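Here the structure is laid out as structure tokens; the discussion comes afterwards.
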Amino acid sequence: MDVLKPEYRGVYQHLQDRFTQGDLATGPSDTYGRHQVGGSWTLDRLRFHRVILEEAKDKCAGLPRGAKAVLLTSGPPGAGKGQAQTLLRARQGDGTELGQALAQAHGVDPAEYVVLDPDNFKEAILRHGGAPTLPAEAYVLPGGLRLAPAELAPLVHRESSFLRDAFESWARSEGFNLLYDGVMADFDWTASMLGNLAREGYTDRVVMSVEVPMRTSLEQNALRWELGRTRFDEGTDSYGGRMAPEPLIRALYPPDQPDSAFSVARTNAERLHSEGLLTGLIEIDRGAWAGTPQPGPHAPAMQHRSVEGDMSISSTSAPAPRPSASAARLRSTGVRKPPAGGSPRKRQDNTEQPSHLRRKGIDPGRRRGPTA
């Protein structure tokens, strides 16, 4: 990966190889496989889970209950979904055209959500010493470096998804606002979940879809790891940097036009909106595209556009903007009616994959890849 410092390029490729087909790949030797007997967690591991879940619940103190809002992030690893959440909180309702349009499409302070992110549980498992023990030589990396805890994340991926699910069930039963942080590669699972949330009384269901070209996703994925890795090597961060396996990222894009087309995550987000499962859709497009991505079959008719800084937004409350040459666009759609019905909630096994990824031999888990 050319964007990395020369001293880290070999380490990055070494880890990528081990993540996809080596001893660090998600599979039978991970914690999900090691700590279950007859399909059930051992008592010691259940006690371990209880500690982590109680910590997560304690962080929810003071958040509003009886809430009815759901926010889902959508987009490939490294797209900047965390930055988009920061933008949403900073700008919505600030009196500008951008702020008013964001408030119309969303309107909830992102700080009032319970975050449902497997990565948070990966980190908790690893910080609590829950990683599997490997042979001594497995911890040695090229250049004499040592594995950082974050680089063991694929080995706790399935367990982190289990904990995320348990935490989600509790948060829904308590009536919290919910923020699902992920890629959105599995349309059927997401549609089933949204239908159930609608029936449970979650009236505001918004997706923030953040898209970048595949090259940008790959580069940002590598740079995110390098930043954490550098801090780990300097002794300023005991966890290290996370990354997703590159095959998982590549599988999200059409192979014939990876840098001029949106990922499957955008297609899924727009289809969810077109089928009435969402009440709002915010779209953010970033990066240097090789060609202008063409609207998909479910792309909504945007209701409002304005331009501020390097962003564009579409909603319902302001006149059309002047033409902009911005490399980034932020758009949102207005309110849609909730679905009239839907199928019962589908609880997939953590090893199940969307069919288009299963054919490629990729294991993204239920929502996203091991470290995305």
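Note: hydrogens, waters and symmetry copies are ignored here, and every other heavy atom, side chains too, is used. The structure presented is a predicted model; accordingly, all values stated were derived computationally and were not measured.
- Donor-acceptor pairing under 3.5 Å is lacking for the side chains of R271 and N268.
- A salt bridge is absent between E54 and R50: the closest approach of a Lys/Arg side-chain nitrogen to an acidic carboxylate oxygen does not fall below 4.0 angstrom.
- Sequence neighbours left out, the pairs with a member in residues 6-19 that pass salt bridge (Lys or Arg N to Asp or Glu O under 4.0 Å) are R18-D23.
- Side-chain contact, T279 with D204: no donor N or O sits under 3.5 Å from an acceptor N or O.
- Judged by distance alone, the side chains of S209 and R266 do bring a donor and an acceptor atom under 3.5 Å apart.
- The environment of R45 atom CZ is dense: over 12 non-hydrogen atoms of other residues, nucleotides or ligands sit within 6.0 angstrom.
- The main-chain N or O of Q16 is never found under 3.5 Å from a side-chain atom of E246 such that the two would form a donor-acceptor pair.
- A salt bridge does not link R231 to E234: none of the charged side-chain nitrogens sits closer than 4.0 Å to a carboxylate oxygen.
- No side-chain donor from either of D44 and T42 sits under 3.5 Å from a side-chain acceptor of the other.
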R242 vs E123, salt bridge (Lys or Arg N to Asp or Glu O under 4.0 Å): CA-CA, chis, key distance, verdict:
CA-CA 10 Å; R242 58 191 175 94; E123 184 169 350; over 6 Å; no
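- Of the possible polar contacts, none joining the E211 side chain to the E283 backbone as a donor-acceptor pair under 3.5 Å is found.
- Side chain of D259 to main chain of P213: no donor-acceptor pair is present (N/O by atom type, distance under 3.5 Å, no hydrogens or angles).
- No single ILVMFWY cluster, assembled from side-chain heavy atoms under 4.5 Å apart, contains both L227 and V212.
- Donor-acceptor pairing under 3.5 Å is recorded for the side chains of E159 and H49.
- Within the structure, every pair that satisfies the ring pair (Phe, Tyr, Trp, His ring centres under 6.0 Å) test and touches residues 201-246, not counting sequence neighbours, is listed here: Y8-W225, Y12-W225.
- F48 and V51 fall into different hydrophobic clusters, defined by Ile, Leu, Val, Met, Phe, Trp and Tyr side-chain heavy atoms under 4.5 Å apart, directly or through other members.
- A donor-acceptor distance shorter than 3.5 angstrom exists from the side chain of T190 to the backbone of D186, with no hydrogens or angles considered.
- R158 contributes no side-chain N or O that, together with a main-chain N or O of T31, makes up a donor-acceptor pair within less than 3.5 Å.
- Pairs passing the ring pair (Phe, Tyr, Trp, His ring centres under 6.0 Å) check and including a residue from residues 124-150, sequence neighbours excluded, do not occur.
- Electrostatic pairing of R164 and D117 does not count as a salt bridge here, judged by no charged N lying under 4.0 Å from a carboxylate O.
- The backbone N or O of P77 sits less than 3.5 Å from a side-chain atom of S217, completing a donor-acceptor pair.
- The backbone N or O of P76 sits less than 3.5 Å from a side-chain atom of K81, completing a donor-acceptor pair.
- Separation of the Y32 and F162 ring centroids does not fall under the 6.0 Å cut-off.
- Between atom OG1 of residue T96 and atom CZ of residue R91 there is a gap of 4.5 Å, rounded to the nearest 0.5 Å.
- S74 places no side-chain N or O within 3.5 Å of a backbone atom of M208 that could act as its donor or acceptor partner.
- The existence of a salt bridge linking E55 and K59 is excluded, since no basic side-chain nitrogen approaches an acidic carboxylate oxygen closer than 4.0 Å.
- Atom CG of L223 sits about 11.0 Å away from atom CG of L218, to the nearest 0.5 Å.
- R205 places a side-chain N or O within 3.5 Å of a backbone atom of L277 that can act as its donor or acceptor partner.
- When all heavy atoms of D30 and G33 are compared, the pair lying nearest together is OD1-N, 2.9 Å.
- The NZ atom of K68 sits 10.5 Å away from atom CG of L197, with the distance rounded to the nearest 0.5 Å.
- Between F176 and W170, the ring-plane angle classifies as tilted under the 30° and 60° cut-offs.
- With rounding to the nearest 0.5 angstrom, the CZ atom of F262 is 9.0 Å from the OG1 atom of T267.
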